[in-house]
Amino acid sequence: MISPLSAALTLTLLLGSAPSASATTTTTRDPVASDVVTPVSAGKNVGPATAVSGRVYLAGRDPEGLAAYAADVSDPDSNNYGHYLSATQALQRFGPTTQQADRVTGWLTSNDLHVTARTQNYVTFEGPASAVDTAFAVKLKSYTRQGNTYRSAGETPSVPAPMAHDILAVTGLDNTPRRAAPSTPGSTLPANPSAVDSAPAPVITDTVLPTDAKPEPVFRNSGPLSDYYGENVATTLPAVDGAKVPYAVRGYNGRQLRSAYGATPGMTGAGVKIAVITAYASPTLLPDLSQYTARNGDAAYRPDQVRQVTPAAYTNLDICDPGGQFGEQTLDTEAVHAIAVVSSASCHSEDFYDSIATVVDHHLADIVSNSWYAVDPVTPAQQTTVDNLLQLGAVQGIGFYSASGDNGDLGDFRLDGTHTGEVDFPARDPWVTAVGGTTLAIGAGDHELWETGWGSHSTALSADGSTWASPPSGFINGTGGGAVPGTPQPAYQRSIVPDALSHPDGSATPVRVSPDIAAVGDPTTGFITGDTQLFPDGTAQYNEHRIGGTSLAAPVIAGIQALAQQLTGKPLGFANPLIYQKYRSLLFRDPNGNPLGTNRNPAVVRVDFSNSFDASQGLVTTLRTANLDTSLTTTPGYDTTTGVGTPTAAYLASFARR
């Protein structure tokens, strides 16, 4: 979406904890963060000869100091604001020590576990279940879930008290799948993936490794379409609330989005490094980008501008549908325009966290865009290690922007069948800038007409074409958001987030609320993207189509932040304290919950091919009604669909050096 920026990336897992004492014989044990969410009360004990593999994440020198310094350098009111460390300085001041790795290695070995690898951030091990039981004071058990058998522990894992100072978290005790999915409407993952062991340590390379994966099936938009909102009105179709409605847009291009959010021609993002984290690596990314820019009026990518950072090997190819990940990668790259693309080894969450670590360890970028979310419940080990990584990024001036999700309040959309009503992870993390989605109307001359929170209902046209089936009907997708129980309210949200939102169910202690900021996400007013897709004749061809989701909103905001960084001349780092401070200065557009007036929700007509490719099997005409997002609503001020709102020209201008 933004004109060329320079690119770079990185990956690794840094962690933090207090100085360690030597591991000595002791009866005192301390609990340790693990992937055991709820101890298994029933089930058969795992046999002693069963092989178990896992990771012990290493604690750093000063975890409390790390969190404090990350907050300090991110606070515009602090004297240390912007006093960032280099990757080397961050490691030396807060990272794990060689001595910690040595102690953990010795302790694992003394418990008859074989150490298979050591990295800067963790030690991998394998051994019989009986040895794991002894080391972590658990009894591993098998249990059945959705027809598959997995293992977990019957107790909360613990380690000898002296070792607790060296260990941040342990994984591998529970091999229940922990998957991540693209945050794009309609994206799904297989329901019954198998267990996964530790992937090989990642490396940085500019070579795209082959996956033999076919691209995703072709999707084309049927007409009629509008080049801008309201251009082509459906005069022959039924009116809504007494007015005819327009056909959906073809998909906004970069020029239209830049104009809507206040970017001027002199804003290019020059010198800013942006990374996008996705699974696998599209083998056609570079030629797709070249064709896309040539067709859509954006500046061409320089040969050195886009790098693909790949792991040593890909895993779980039969589970994760690599081809289905390629379109997400291309969308994010085209929406932000200039990028280093960090490819995870698979769709499993731990591999995504390795990719975050790569960016942090090598400071590959100042801005990171994440358009994925954890499908399965997040474990204490995941939360702990990601928090630590994000803080290590913050002290280096790295900002993380994550899609808030496309399924509203998640009341009915968990892929594992639960109805948790949670906020997506990592967008709910207080060290992440969570990006919500909007429905955006851009009119003639690229002018923003109005913007509202994204929440779509789809209503069918009657068989005779004379009426809409009692609009609006069922919810299909919309921006994610809401309170995060158990996560204390961060300082930057105080006095801004309404008490009704930060005290869910009347809780005494205020909690974190998501999202923080927003940009266009509604697929009906989405972005034109182009990538290689699989056509019905079996050929792979370049194709352009409209797409949306908060996986569009996140890279759009990342691009806007790149422009802001260019203007201010220095990294913005973890930007939430600054964003909320600028919100107080009225530099954001407050999306209107009633842009067309009271009791009249915006709507467009969408016409789709029944087979997603051509008219040979007919067309489907629906009415897409906006601003109807499950329990989430768009209200004046901060809300759970758009956060503090969307950036304006005044927001960007506030960064200009004087």
Side-chain angles (χ1 to χ4, degrees), residues 181-190 211-227 231-232 234 236-237 246-253 278-280 282-296 320-335 371 406 456-463 465 474 476-477 521-549 551-552 604-624:
S183 188
T184 301
S187 296
T188 58
L189 290 178
T211 65
D212 297 325
K214 294 182 179 180
E216 60 187 346
V218 63
F219 175 81
R220 284 181 163 176
N221 298 119
S222 173
L225 297 166
S226 299
D227 287 328
E231 179 204 26
N232 190 3
T236 63
L237 294 179
Y247 285 104
V249 296
R250 186 179 311 278
Y252 297 132
N253 57 35
T278 65
Y280 305 111
S282 169
T284 63
L285 178 65
L286 297 181
D288 287 346
L289 296 179
S290 178
Q291 191 162 175
Y292 178 81
T293 55
R295 292 168 60 103
N296 289 282
C320 296
D321 181 24
Q325 309 279 341
F326 296 162
E328 179 71 44
Q329 182 179 120
T330 308
L331 163 64
D332 289 17
T333 308
E334 290 170 350
S371 291
D406 301 335
S456 297
H457 283 225
S458 179
T459 306
L461 182 66
S462 64
I476 52 172
N477 48 45
D522 188 345
T524 303
T525 62
F527 180 66
I528 186 73
T529 187
D531 61 324
T532 297
Q533 297 185 323
L534 187 66
F535 278 60
D537 63 2
T539 62
Q541 303 176 39
Y542 177 84
N543 175 58
E544 291 190 350
H545 54 101
R546 182 187 62 242
I547 198 167
S551 57
L552 165 61
V604 298
V605 174
R606 176 167 167 168
V607 183
D608 292 302
F609 295 123
S610 293
N611 63 7
S612 300
F613 173 64
D614 61 22
S616 62
Q617 296 178 25
L619 302 173
V620 176
T621 301
T622 56
L623 182 73
R624 298 298 175 97

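All of these numbers come straight from a predicted model, not from anything done at the bench.
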Evaluate the side-chain proximity of [Y] to [X]: yes if any heavy-atom separation is below 4.5 Å, no if none is.
{"X": "F326", "Y": "P283", "value": "yes"}
{"X": "N232", "Y": "L225", "value": "no"}
{"X": "I528", "Y": "Y252", "value": "no"}
{"X": "Y247", "Y": "V607", "value": "yes"}

Exam field: side chain [X] to backbone [Y], donor-acceptor pair closer than 3.5 Å:
{"X": "D608", "Y": "V620", "result": "no"}
{"X": "S610", "Y": "G618", "result": "yes"}
{"X": "S371", "Y": "S551", "result": "yes"}
{"X": "R546", "Y": "T525", "result": "no"}
{"X": "T293", "Y": "L289", "result": "yes"}

Spacing of [atom1] belonging to [X] relative to [atom2] belonging to [Y], to within rounding of 0.5 Å:
{"X": "L534", "Y": "F219", "atom1": "CG", "atom2": "CZ", "answer": "15.5 Å"}
{"X": "T524", "Y": "N477", "atom1": "OG1", "atom2": "CG", "answer": "7.5 Å"}
{"X": "Q533", "Y": "Q541", "atom1": "CD", "atom2": "CD", "answer": "10.5 Å"}
{"X": "L237", "Y": "L623", "atom1": "CG", "atom2": "CG", "answer": "9.5 Å"}
{"X": "N221", "Y": "H545", "atom1": "CG", "atom2": "NE2", "answer": "8.0 Å"}
{"X": "D406", "Y": "I476", "atom1": "CG", "atom2": "CD1", "answer": "11.0 Å"}

Identify the heavy atoms of [X] and [Y] that sit nearest to each other, and give their distance.
{"X": "P215", "Y": "T532", "result": "CB-O, 3.4 Å"}
{"X": "D288", "Y": "G530", "result": "CB-O, 4.1 Å"}
{"X": "P536", "Y": "F613", "result": "CG-CD2, 3.6 Å"}

Next item on the list: Quick one: do T330 and L285 satisfy side chain to side chain contact (heavy atoms under 4.5 Å, CB included)? Show the steps, please.
Entry: CA-CA 6 Å; T330 308; L285 178 65; 3.9 Å; yes
Note to self: Evaluate F535 against N543 for side chain to side chain contact (heavy atoms under 4.5 Å, CB included), listing each step before the verdict.
What the structure shows: CA-CA 9 Å; F535 278 60; N543 175 58; 4.1 Å; yes
Notebook entry, point to check: Mind checking whether F527 and Y292 have parallel, tilted or perpendicular rings, split at 30° and 60°?
Noted result: tilted
Item checked: Single hit among E544, Q291, E216 for side chain to side chain contact (heavy atoms under 4.5 Å, CB included) with D531 ->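 With D531 as partner, side chain to side chain contact (heavy atoms under 4.5 Å, CB included) holds for just one option, E216.
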